[in-house]
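Notes follow the structure.
Just so it is clear: chains get the letters A, B, ... in the order the sequence lines come, proteins before strands, and each one is counted from 1. As the structure is a prediction and not an experimental result, all values here were calculated from the model.
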Number of protein chains: 2
Amino acid sequence: MRRKPTLKDLSERLGLARSTVSRALRDDPQIAAATRERVRALAAELGYRPNAAARALTRRRAQVVGLMLPRSSALVFANPYFSELLLGVSSRAEQAGFPLLLSTAPDPDFTGWLREGRVDGLLVLGSSITDADVPGLNRLLEAGYPVVAIHAAPRALQVVSVGSNERAGVWQALAHLQQLGHRRVALLSGPRGSRYAERRIRAFRSGLETYGLEADASLLVPTDDSREGGAAACRRLIERGVPFSALIADNDLVALGALDVLREAGRCVPGEVSVIGFDDTPLAAVASPALTSVRQPTRRLGEIAFDALLALMAGESVASVRLATQLVVRESTGPYVPSGGAP
Amino acid sequence: MRRKPTLKDLSERLGLARSTVSRALRDDPQIAAATRERVRALAAELGYRPNAAARALTRRRAQVVGLMLPRSSALVFANPYFSELLLGVSSRAEQAGFPLLLSTAPDPDFTGWLREGRVDGLLVLGSSITDADVPGLNRLLEAGYPVVAIHAAPRALQVVSVGSNERAGVWQALAHLQQLGHRRVALLSGPRGSRYAERRIRAFRSGLETYGLEADASLLVPTDDSREGGAAACRRLIERGVPFSALIADNDLVALGALDVLREAGRCVPGEVSVIGFDDTPLAAVASPALTSVRQPTRRLGEIAFDALLALMAGESVASVRLATQLVVRESTGPYVPSGGAP
DNA sequence: TTGTAGGCGTTATCAC
DNA sequence: GTGATAACGCCTACAA
């Protein structure tokens, strides 16, 4: 592979100093128009491009931002949710001239890229941060490295985060079901023990109380956030003979799994059971019956997260953001009809 | 932000030469075990990490590979197809220790990253390469830069490509329809003029002949590869009164659009019209009726593309690959039933 | 086994 | 306006 041309090559062929050439290429106002043109012409001819590493070394910034989407967390790309997020982030990053360095490692090294100077700022999925990661990340944050968490991160982490108001989302779902007359609502939650799941479970419990719905521990089933997981959870509910006339799933995939099982079991949706998904991914609209789902403004979230990071990198101070969710009502929810199972 | 520790810092605090420290950290066999431990201990204590830019500068490699998924081409992330691809690529990249630099710019600069030394190799979506890009890319390839195209690239480009056998895919779809007794099959193709679409149109035409199906120019409608585009195309077909009993869509989204319109129009699928999608994305299984679709081994494609790139970077010679497609039969195709429209 | 002395390609700081 | 020169942080001969 032929050597790439460098500033030195240009300067020698032009009989100019390297510094002059460098300035000419970045149109420094103090350079004579004539020489600037000479330099640019040759640069174009040789196909010169400044070396990124050398530039990063002297400027002390890589002009890259990192995005960590650990595969472990919620199947990443298999979940359309992440596509949306990536779309939001990447569109802004592109505009700002910061390519994205992407990691999907199951067990991510949150601090490495930043400390190596590989990236100037970092976007992380808050839900993928474990308690074990907190001390390292906190040290980094205290040292002033720009980091933004997407979705809520552990409380102990002093990080700027950008997310949606999940509590309100859960309540919107419950309010809708209550208005339809439902009283026994199941929750197919996320993996037991994940902060993320716990948060929604808390929201669910308090919502039950607020809306005067029945609280019953057997209505709460954990899943692994996949379609199969949703199916398994729903099956468990049915096999145990737990009466319920509506269910809220942790995401649209889980809801689809539940739909599969309800169909198998001959329970009509929404005739006998109402189903609500979460995230309002493209799958929701395609499903049959089309899913009522709690929309998170995912793409917007990605955009806002990137903008926040950029501001942090510019030394501005930035506050965390919580966007509103919205219940998108489709065909999978309907009025409560007293019948066989539910009392 | 506190200065990051460097080799110099370590060496001074240890009373060693920078080179010794450097070697110790990369466990050079020629370093005394004792000093190695001393060095590592301090490095750990200070949280030392070698600076990526400096390392890239001396080693002449960035340890990064680029992936260009131009937004313009087929809606990128909105299409689950790309999620799969990204999943394949990133899983391999992760293993190999090469973070991915991602570009989604609508008008990508294919050669920039490579010439800046920002990446050591490049994965591009073949379908996004325009004829205008060819000369620049060819120069790069001749200079020995490692590039792999995913899916077929322009003929004129001497690039290694990894794709699936789309021709065979189209033929599989046609064979299936022929066996079911269909004679008039429509094609909702990709954007007029895209190489990609032209390729499939050619495959379609030759397939019609091979399987003895009716060739009729009015059965060929271009779309923009979106759900709305599919709907529009199908609507056009119906409004023009073109008789058809089956259709093949350019991708699953387009097929969904067609499904929407057929339902509106009161044409039963698969009773009156059979529909076949392309790509077998997760949407296909969720649709109702579930879509028969031509599966491309998309994730595998991503893996293979990355592996090929790695081999190229290692100086090995690599051949292009064409993987087999597979027709996944679901509910949207059925036997031809003579009736109203189709002769 | 360790140290010395460049060099990687760019930018920034002085001079001229 | 332009030219030397010294960083930036690491690596690799070559010495010792």
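Sorted by residue number, the list of members of residues 113-122 of chain A with any non-hydrogen atom under 4.0 Å from DNA chain C is empty.
Here the range on DNA chain D touched by chain B, meaning any atom under 4.0 Å from one of its heavy atoms, is D:dG9 to D:dA13.
Pairs of residues two or more places apart, or lying in two chains, that qualify as salt bridge (Lys or Arg N to Asp or Glu O under 4.0 Å) and include a residue from residues 87-98 of chain A are A:R92-A:E303, A:R92-A:D307. Every pair passing side chain to side chain donor-acceptor pair (under 3.5 Å) that includes a residue from residues 308-323 of chain A is listed here, sequence neighbours excluded: A:S161-A:R322. Here salt bridge (Lys or Arg N to Asp or Glu O under 4.0 Å) pairs that include residues 119-137 of chain A, with residues two or more places apart or in two chains, number zero. Evaluation of the salt bridge (Lys or Arg N to Asp or Glu O under 4.0 Å) test over residues 30-40 of chain A, restricted to residues two or more places apart or in two chains, returns A:D27-A:R40.
If you measure from atom CG of B:L14 to atom C1' of C:dG3, you get 15 Å, rounded to the nearest angstrom.
Two residues are said to be in side-chain contact when any heavy atoms from C-beta on lie closer than 4.5 Å; B:I129 and B:L137 meet this criterion. Residues B:L69 and B:L67 form a side-chain contact, since some pair of their non-hydrogen atoms from C-beta on lies under 4.5 Å apart. Within the 4.5 Å cutoff, no side-chain heavy atoms of B:L101 are placed close to those of B:V65.
Contacts of B:R26 classified as side chain to side chain contact (heavy atoms under 4.5 Å, CB included), with partners at least two apart in sequence or in another chain: B:S22, B:R23, B:R55, B:R59. With sequence neighbours left out, B:Y48 forms a side-chain hydrogen bond (donor to acceptor under 3.5 Å, both in side chains) with no residue at all. Residues satisfying the side-chain hydrogen bond (donor to acceptor under 3.5 Å, both in side chains) criterion with B:T298, sequence neighbours excluded, are absent altogether. When the side-chain hydrogen bond (donor to acceptor under 3.5 Å, both in side chains) test is applied to B:R199, the partners found at least two apart in sequence or on another chain are B:E166.
Using a distance-only test at 3.5 Å, with no hydrogens or angles considered, no donor-acceptor pair links the side chain of A:R18 to the main chain of A:D9.
An end-to-end axis angle of 40° holds for the helix from C:dT1-D:dA16 to C:dC16-D:dG1, taken from five base pairs per end and rounded to 10°.
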Check nucleotides 7-11 of chain C for protein N or O atoms closer than 3.5 Å to its own N or O atoms and list the pairs.
from   : atom 1 : to    : atom 2 : distance (Å)
C:dT10 : OP1    : A:Y48 : OH     : 2.4
C:dT10 : OP1    : A:N51 : N      : 3.1
C:dT10 : OP2    : A:L7  : N      : 2.6
C:dT10 : O4     : A:R18 : NH2    : 2.8
C:dT11 : OP1    : A:R55 : NE     : 2.9
C:dT11 : OP1    : A:R55 : NH2    : 3.0
C:dT11 : OP2    : A:S22 : OG     : 2.8
C:dT11 : O4'    : A:T58 : OG1    : 3.2

